[in-house]
Amino acid sequence: MQARWAIVAGLGAGIALAWWLSREAPGVAEARGERAQAAADASYEDARPVLYRWTDATGVVQVTQQPPPRGTRYEKVDIQPRPGIEVHGDRR
């Protein structure tokens with residue numbers, strides 16, 4: 001009977017030790033959450049649809065969905081306006 005209790009106590013102690021060693025240090029979960037949020041923000045920025053506004057060699061302003069040729073200065077323009085900006089397509 002004593003051997004059974006020793007085995008049960010040993011298993012319990014082993015499980016407790018395994019749990020203790022596998023737990024995360026304080027602050028690790030918060031740091032992981034911050035890294036995940038930063039990655040999600042970066043992915044959102046990359047996935048947003050944008051237009052490229054640039055001036056070609058003849059001085060004509062171009063607005064395209066594809067980036068301009070290398071070496072050309074351009075500006076990224078959001079396709080969706082920011083909250084609070086009204087877009088009226090019927091005005092001239």
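Small disclaimer: the values here were computed from a predicted structure and weren't measured. Residue numbers run from 1 in the order of the sequence given.
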Quiz item: Is there a path from Trp19 to Leu17 through hydrophobic residues (I, L, V, M, F, W, Y) whose side chains come within less than 4.5 Å of each other?
Solution: yes
Quiz item: Can you check whether Leu51 reaches Lys76 side chain to side chain, under 4.5 Å on heavy atoms?
Solution: no
Exercise. Check whether any side-chain N or O of Ser22 sits under 3.5 Å from a backbone N or O of Ala18 as a donor-acceptor pair, and report yes or no.
Key: yes
Quiz prompt | Note, Val63 side chain near Trp54 side chain (heavy atom, < 4.5 Å) | solution = no
Quiz item: Are more than 12 heavy atoms from other residues, nucleotides or ligands located less than 6.0 Å from atom CZ of Arg23?
Solution: yes
Quiz item: Distance from Thr72 atom OG1 to Gln62 atom CD, nearest 0.5 Å?
Solution: 10.5 Å
Quiz prompt | Gap between atom CD of Gln66 and atom OH of Tyr52 - 0.5 Å precision | solution = 9.0 Å
